[in-house]
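The structure displayed is predicted, hence computed values, not measured ones. For reference, positions follow the sequence shown, starting with 1.
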Amino acid sequence: MPTVSILPMNAAIKRLKDKVSAQNDEEVSISISVPLFDQYTMCRLETPVRGSGCIHDACFDLKSYLAHNGTRGFQAKCPYCSRITPVNSLVV
């Protein structure tokens with residue numbers, strides 16, 4: 001299995017805060033919906049990943065991503081936004 005980067009928790013929290021503050025300067029309460037099932041297999045996520053260049057919060061399962069994109073190398077695409085998402089750009 002390839003090595004993927006792990007996004008530190010404080011970086012994930014900062015990313016969400018930045019997203020919210022860009023929308024509103026006042027303090028607000030929000031909820032974010034994130035799918036728990038893989039886009040390819042519709043099975044529960046085992047190892048949730050997303051591309052580091054993706055702007056969405058949704059994740060997909062690493063194993064099904066590799067099974068679906070294994071031979072595509074650097075031409076692999078995110079199942080949500082269709083950005084080019086090579087394995088070395090995935091974050092957990």
Side-chain angles (χ1 to χ4, degrees):
M1 177 130 344
T3 303
V4 296
S5 300
I6 296 176
L7 185 65
M9 184 172 59
N10 58 349
I13 291 170
K14 181 184 180 318
R15 183 175 185 270
L16 291 173
K17 284 182 179 179
D18 289 347
K19 184 181 275 191
V20 171
S21 67
Q23 297 172 0
N24 193 340
D25 290 337
E26 298 176 20
E27 188 171 323
V28 294
S29 176
I30 64 163
S31 65
I32 297 174
S33 177
V34 179
L36 297 177
F37 294 91
D38 180 63
Q39 182 77 2
Y40 295 121
T41 63
M42 295 311 293
C43 293
R44 191 173 183 97
L45 296 173
E46 287 183 36
T47 306
V49 296
R50 65 175 181 78
S52 60
C54 296
I55 58 172
H56 55 80
D57 296 313
C59 294
F60 42 90
D61 189 68
L62 178 61
K63 285 182 186 176
S64 64
Y65 172 85
L66 293 173
H68 185 76
N69 291 303
T71 59
R72 295 184 189 178
F74 283 97
Q75 295 302 313
K77 292 185 178 182
C78 171
Y80 290 100
C81 65
S82 299
R83 288 181 183 233
I84 300 294
T85 311
V87 173
N88 62 356
S89 75
L90 298 177
V91 292
V92 175

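- The other residues sharing a hydrophobic cluster with Phe37 are Leu36, where clustering joins ILVMFWY side chains under 4.5 Å apart.
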Quiz item: When you look at Ile84 and Lys77, which way does the side chain to side chain contact (heavy atoms under 4.5 Å, CB included) test go after all the steps?
Solution: CA-CA 4 Å; Ile84 300 294; Lys77 292 185 178 182; 3.8 Å; yes
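- Leu45 and Val92 fall into different hydrophobic clusters, defined by Ile, Leu, Val, Met, Phe, Trp and Tyr side-chain heavy atoms under 4.5 Å apart, directly or through other members.
- In this structure the side chain of Asp38 never reaches within 4.5 angstrom of the side chain of Tyr65, judged on heavy atoms.
- Counting heavy atoms from C-beta on, the side chains of Asp61 and Thr41 never come closer than 4.5 Å.
- To the nearest 0.5 Å, atom CG of residue Leu90 and atom CG of residue Leu66 are 7.5 Å apart.
- Here the closest non-hydrogen pair linking Ala58 and Arg50 is O-CB, 3.7 Å.
- Judged as a side chain to side chain contact (heavy atoms under 4.5 Å, CB included), and not counting sequence neighbours, the contacts of Ser89 are Ser52, Thr85, Pro86.
- In this structure, the side chain to side chain contact (heavy atoms under 4.5 Å, CB included) partners of Cys81, at least two apart in sequence or on a different chain, are Cys54, His56, Cys78, Arg83.
- When hydrophobic clusters are built by joining Ile, Leu, Val, Met, Phe, Trp and Tyr residues whose side-chain heavy atoms come closer than 4.5 Å, directly or via intermediates, Leu62 is grouped together with Tyr80.
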